[in-house]
Amino acid sequence: MAGNLELQGRHGKSRVRVARVWRRPAAAGGDVIAEWNVAVSVVSDCLPSYTSSDNSAIVATDSIKNTVYVKAKECTEVVSMEEFAVILGRHFTSLYPQVSEATVTIVERPWERVAVDGKPHSHGFKVGVEKHSTEVIVKKSGSLLIKSGIQGYSLLKTTQSGFEGFVRDRYTLLPDTRERIVATEVTAWWRYPFEHVSQLPSKPFCFTQRYQDVKKVLSDTFFGPADVGVYSPSVQNTLYLMGKEVLTRFPDISSIQLRMPNLHFLPVNLGSKENPLVKFADDVFLPTDEPHGTIEATLSRPMSKL
Ligand SMILES: O=c1[nH]c(=O)c2[nH]c(=O)[nH]c2[nH]1
């Protein structure tokens, strides 16, 4: 309490950019690089700094920033973003008595190893598109919440999509169709069931591998088999099947939130009856994301048994 007012504050540092290289001989797969954009925010008992000029309990945001680099240096073995976020969260909540909770958010710049003449390069990378992120909340008690996600995952099918049987009233112009392009930019966040630092898997479970697995399941479900695909009756149904498949395949994921905007490809018809300049035959489209449909859902297991 500050006087008769409730005060809840938090502070930290955002956009802390760090790149960590782990050196390995070419025979062992070559160098590994991670480039991370880190945000740390702590809940800290430093009330007097808000209500008076007493800063004695503040862990300076500059020190928080420095700590990111110190911890990156100390990670002599390759770590995943999720593990690094836990390391940071545990650090702040255990070193400082006044810090009760830390939230660490990391977005990765997707550097991907290049191949030259079909051979993975030992130290060459190019930047990919979709981004892996994580948000970790650590409390002083060791209680934990770990989420990972993907952003900017753009997927499109030229066919095997339709939309029909929806509400038809005086506001409806959209015709039923069983033939359209469906395109989206998936944002997904999934939650791991580890609720205490003591439950964290020691080694072989690898968050980075799980990210790749989830990404593959999302796109395989979206597209269907390579030759024939799979029919999508709506973005809603495809979203549901994608989330369900992730939860079915990975017992160590307890819930998944999916956001899949419907990025429209509008049929192009130009001209008039007398002068049909361009008549649409499932071939020429006007792509637009303004406006776009917004479709999102969260799927979870009632209770995860792990
Ligand atoms: O897959 C779709 N879901 C909708 O809810 C919707 N609404 C719309 O106009 N087109 C579509 N497509």
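As the structure lists them, so they are numbered: ligands from 1, and atoms in each ligand from 1.
More than 12 heavy atoms of other residues, nucleotides or ligands sit less than 6.0 Å from atom CZ of Arg113. Taking a 6.0 Å sphere around CZ of Arg17, one finds it holds 12 or fewer heavy atoms contributed by other residues, nucleotides or ligands.
Ligand 1 places these atoms under 4.0 Å from at least one heavy atom of Asn262: 2 (C), 10 (N), 11 (C), 12 (N). With ligand atoms numbered from 1 in the order given, ligand 1 contributes 1 (O), 2 (C) to contacts under 4.0 Å with heavy atoms of Val235. Listed by number with element, the atoms of ligand 1 under 4.0 angstrom from any heavy atom of Ser234 are 1 (O).
The cationic group of Arg109 does not satisfy the cation-pi geometry with Phe125, failing either the under 6.0 Å distance to the six-membered ring centre or the 45° limit from the ring axis.
Only the side chain of Arg180 comes within contact range of ligand 1, with a heavy atom under 4.0 Å; no backbone atom does. Residue Leu174 touches ligand 1 through its side chain alone, judged by heavy-atom distances below 4.0 Å.
Given atom 8 (C) of ligand 1, the protein heavy atom at minimum distance is Phe163 CE2, 3.6 Å. Shortest contact from atom 3 (N) of ligand 1 to any protein heavy atom: Gln236 OE1, 2.8 Å.
Here the side chain of Arg301 pairs a donor or acceptor atom with the backbone of Ile253 at under 3.5 angstrom. Put simply, the side chain of His264 never gets that close to the backbone of Ile181: no donor and acceptor are under 3.5 Å apart.
The pair Glu101-Lys140 does not meet the salt-bridge criterion, since no charged nitrogen lies less than 4.0 angstrom from a carboxylate oxygen.
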